[in-house]
J.: 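Next up is a structure, given as structure tokens.
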Amino acid sequence: MLALVGCLLLLALPATASAKRTASHPLYWGAWIGDQITGEEPPWDMQAVTKFEQKMGKGLSLIEFSAPLAECGSGPCSFSSFPTDEMQRIREYGAIPVLSWNTGATPTSTEMPDFQLADIYHHSYDRYLKAFAREAAEWGHPFFLRFDWEMNGNWFPWAEGANGNKPGDYVKAWRHVHDIFAAAGATNASWVWCPYANTEGALGKFPRYYPGNKYVDWTCMDAYNFGTNRVNPRPWQSFDALFRPTYRELTEKVAPGKPVMLGEIASNGPGAQKASWIRGMFKSIARSYPKVGALVWFDHFDRGLRWPLEIEPGPTAAFRAGLRRNPFLGPEFGALDESPIPMPH
């Protein structure tokens, strides 16, 4: 009888705090790593990934990097080829590449009249886009294509709020490039549509930028907890304050059937506060974001802001603990052959 009572009492007890914090499904995780670790970014220097992995206590399943349509320095523009060697390095490590590819050029400016969205869908750069797509098809392995991200802001030349772009241009450009990839047989690209989380209601409304379900494989959100700083002063914001409103809109209204990626995420701030923010992030994802299947930390110094995880022991320990307590996947995707890339399971 006592044993039975004990069992009933155990059944009646609430779930432990650790159980509440544990995600119920696996997630991809990774980073967009800067040059602060070895002097050069991955995937050009994969030693930076090895050192980052050692700090985090777990291998990465995602490695993000970026490429523009063109490089325009002092001379004529040269158009980018598909980064086959870099993608292969990531795959050989065992991670899935996340290529953030844009239709702008370097050096970047919000005003680039030769690289407006209308130039894309009016075929001005079809020669280069088709070559890029053919090379992607020739490589042949699955990757995430995070294309022309944060389009709802005004800080990139492919945004409708900048560079003379007009309403409707973004969707036309997206569909045009997607169609070029489809015609080239580049079905190994999983298309990731990634607005900036509309934390203050000041950015463009999401539906106007959404290309449609048949053009998108994953939706996505970017957001940063800037905190108090001189570069971009913002109030301190929790993970939920940054992401929950946008998550609900994406998963309930814009694209209910699509998995969600956190394409760029980071917190600024002193070590103890940053560590606390990271712990809150892991708790929130586990409890309230079942459609989030991927997370990429922005591990860069940017305009003096201290986004990297590995530079202070508190944030490093908090992130290590979150990876350990939740079912984040490691570098086990060197033989992945499924496209579009599925929600992890």
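Bear in mind the structure is a predicted one, so any value in this text is a computation, not a measurement.
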J.: My understanding is that only one of F282, Y247, Y224, Y289 makes a ring pair (Phe, Tyr, Trp, His ring centres under 6.0 Å) with F239; could you say which?
T.: Y289
J.: Evaluate the salt bridge (Lys or Arg N to Asp or Glu O under 4.0 Å) criterion for residues E160 and R208: first the C-alpha distance (whole Å), next the side-chain angles of each, then the deciding distance (0.1 Å), finally the verdict.
T.: CA-CA 10 Å; E160 283 192 2; R208 65 179 275 190; 2.7 Å; yes
J.: Main chain of L323, side chain of N326: is a donor-acceptor contact present, judged purely on distance under 3.5 Å?
T.: no
J.: Would a single hydrophobic cluster contain both F52 and Y93, if residues Ile, Leu, Val, Met, Phe, Trp and Tyr are joined by side-chain heavy-atom contacts under 4.5 Å?
T.: yes
J.: Flag yes if I285 and I278 sit in one hydrophobic cluster, no otherwise; membership is Ile, Leu, Val, Met, Phe, Trp, Tyr, and two members link when side-chain heavy atoms are under 4.5 Å apart.
T.: yes
J.: Counting distance only, does the side-chain N/O of T106 pair as donor-acceptor with the main-chain N or O of T108 below 3.5 Å?
T.: no
J.: Tell me whether R146 is salt-bridged to D222, with the criterion being a basic N under 4.0 Å from an acidic carboxylate O.
T.: yes
J.: Step by step, would you call Y210 with V216 a side chain to side chain contact (heavy atoms under 4.5 Å, CB included)?
T.: CA-CA 8 Å; Y210 189 61; V216 173; 3.7 Å; yes
J.: State the CE-CG distance between M281 and N225, to the nearest 0.5 angstrom.
T.: 11.5 Å
J.: Could you tell me how the ring of W139 sits relative to the ring of H141: parallel (under 30°), tilted (30 to 60°) or perpendicular (over 60°)?
T.: perpendicular
J.: Using side chain to side chain contact (heavy atoms under 4.5 Å, CB included), reason through I120 and H122 one step at a time and then give a plain yes or no.
T.: CA-CA 6 Å; I120 302 302; H122 284 148; over 6 Å; no
J.: Do W44 and F65 have ring centres separated by under 6.0 Å?
T.: yes
J.: Any ion pair linking K58 and E53 (charged N to carboxylate O, less than 4.0 Å)?
T.: no
J.: Are F319 and W297 an aromatic pair, judged by ring center distance below 6.0 Å?
T.: yes
J.: Pick one: which of F132, F156, W191 meets ring pair (Phe, Tyr, Trp, His ring centres under 6.0 Å) with F147?
T.: W191
J.: Determine the interplanar angle of the Y215 and H178 rings, folded into 0 to 90°, and report it as parallel if under 30°, tilted if 30 to 60°, perpendicular if over 60°.
T.: perpendicular
J.: Strictly under 6.0 Å, is that where the ring centroids of F143 and F82 end up?
T.: yes
J.: Kindly assign one of parallel, tilted or perpendicular to the pair F181 and W101, based on the angle between their ring planes and the thresholds 30° and 60°.
T.: tilted
J.: Give a yes or no answer on whether the side chain of W218 reaches the backbone of I341 with a donor-acceptor pair at less than 3.5 Å.
T.: yes
J.: Checking N198 side chain against L203 main chain: does a donor-acceptor pair fall under 3.5 Å?
T.: yes
J.: Quick check on the 6.0 Å ring-centre criterion: do Y125 and F115 meet it?
T.: yes
J.: State whether the side chain of R175 and the backbone N or O of P211 hold a donor-acceptor pair below 3.5 Å, judged by distance alone.
T.: yes
J.: Is it the case that the side chain of E64 and the backbone of E264 share a donor-acceptor pair, with hydrogens and angles ignored and the cut-off at 3.5 Å?
T.: no
